[in-house]
Amino acid sequence: IQESYNVASVADTGAGISTVTIATDFAGTTYCPVVGAEHNSASGTTQTYNIDNGGRAAGTYIIQSWQVDGTEALTDPSASWFSVCYGALP
């Protein structure tokens, strides 16, 4: 974590899965998390990052990293990613 901005921790909870824990929970689960990533041309792979809607709670959300070169599998990120959330705090 380079800048926390209300993030308590980020845990590697499986291949291609990162669970973000929010320090001060949002008011509910209707907040909007957004994820993006830097491009890593040295890796030779194409990855996409998304938010797992089934894993969202007021104080946590899950980011998935998918390899999309024909394998379509969850895989650890080959580049740095970033995330922001928009929503109401209690």
Hey, any chance Val35 and Val20 share a hydrophobic cluster, counting ILVMFWY side chains that come within less than 4.5 Å of each other, even indirectly? yes
Give, for atom CD of Gln64 and atom CD1 of Ile51, the distance between the pair rounded to the nearest 0.5 Å. 9.0 Å
Please name the pair of heavy atoms, one in Asp76 and one in Ser65, separated by the smallest distance, quoted to 0.1 Å. C-OG, 4.1 Å
Do Leu89 and Val7 belong together in a cluster built from hydrophobic side chains that touch within less than 4.5 Å? yes
Check whether any side-chain heavy atom of Trp66 sits under 4.5 Å from a side-chain heavy atom of Thr75, and report yes or no. no
Are Ile22 and Tyr61 close enough that some pair of their side-chain heavy atoms sits under 4.5 Å apart? yes
Does any pair with a residue in residues 3-26 pass ring pair (Phe, Tyr, Trp, His ring centres under 6.0 Å), and if so which ones, sequence neighbours excluded? Phe26-Tyr31
If you compare all heavy atoms of Gln67 against all heavy atoms of Gln47, which two are closest, and at what distance to 0.1 Å? CA-CG, 4.2 Å
Should Ser83 and Ile63 count as side-chain neighbours, where that means a heavy-atom distance under 4.5 Å? yes
Minimal heavy-atom distance between Ala27 and Pro90, with the atoms involved, is N-CD, 4.0 Å
Between atom CG of Asn6 and atom OG1 of Thr21, what is the distance when rounded to the nearest 0.5 Å? 11.0 Å
Just wondering, do Ile17 and Asp52 contact through their side chains at under 4.5 Å, heavy atoms? no
